[in-house]
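Each remark here refers to the structure printed beneath this line.
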Amino acid sequence: PVLFRLPVPLARDMSLGFLGQLARFPGGGTIIDLMGHMRPDPRLRTSLLGIDFPSPVGLGPWLDVRATALPALVRFGIGFLE
């Protein structure tokens, strides 16, 4: 509820900043994994132009404009980040 009261860019930056810091913290990746089963199923693995992607799901460039949460976002089953 607190984040919904903040301006969207600030709430986004705070959320992604927290996730990025958590992923960089020793054991943080395990904590993210324990929040839910987020790794993509191996059957979703896709190959295109010689590049292997863990899943065909990608995120556009405007979600994490400062690239602060990349170590966390890769744990959410994202196959690629534009």
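Shortest non-hydrogen contact noted between Ala72 and Gly20 is CB-N, 4.4 Å. When all heavy atoms are compared, the tightest approach of Ala69 to Leu16 is CB-O, 3.3 Å.
For the atom pair CZ of Arg5 and CG of Leu3, the computed distance is 11.0 Å after rounding to the nearest 0.5 Å. Here CZ of Phe80 is found 14.0 Å from CG of Asp52. Values are rounded to the nearest 0.5 Å. Here CD1 of Ile32 is found 8.5 Å from CG of Leu73. Values are rounded to the nearest 0.5 Å. The OG1 atom of Thr46 lies 12.0 Å from the CD1 atom of Ile51; values are rounded to the nearest 0.5 Å. In this structure, the separation between CZ on Arg24 and CG on Leu19 is 10.5 Å, given to the nearest 0.5 Å.
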Item checked: side-chain contact (heavy atoms from CB on, under 4.5 Å) between Leu59 and Glu82, intermediate numbers included -> CA-CA 6 Å; Leu59 289 179; Glu82 185 178 355; over 6 Å; no

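Arg12 contributes no side-chain N or O that, together with a main-chain N or O of Val8, makes up a donor-acceptor pair within less than 3.5 Å.
The closest side-chain heavy-atom distance from Arg66 to Asp13 is below 4.5 Å. Residues Leu44 and Pro54 have side chains not in contact (no heavy-atom distance under 4.5 Å, counting atoms from C-beta outward).
Follow the hydrophobic side-chain contacts under 4.5 Å out from Ile31 and you reach Ile78 in the same cluster. When hydrophobic clusters are built by joining Ile, Leu, Val, Met, Phe, Trp and Tyr residues whose side-chain heavy atoms come closer than 4.5 Å, directly or via intermediates, Phe18 is not grouped with Val65.
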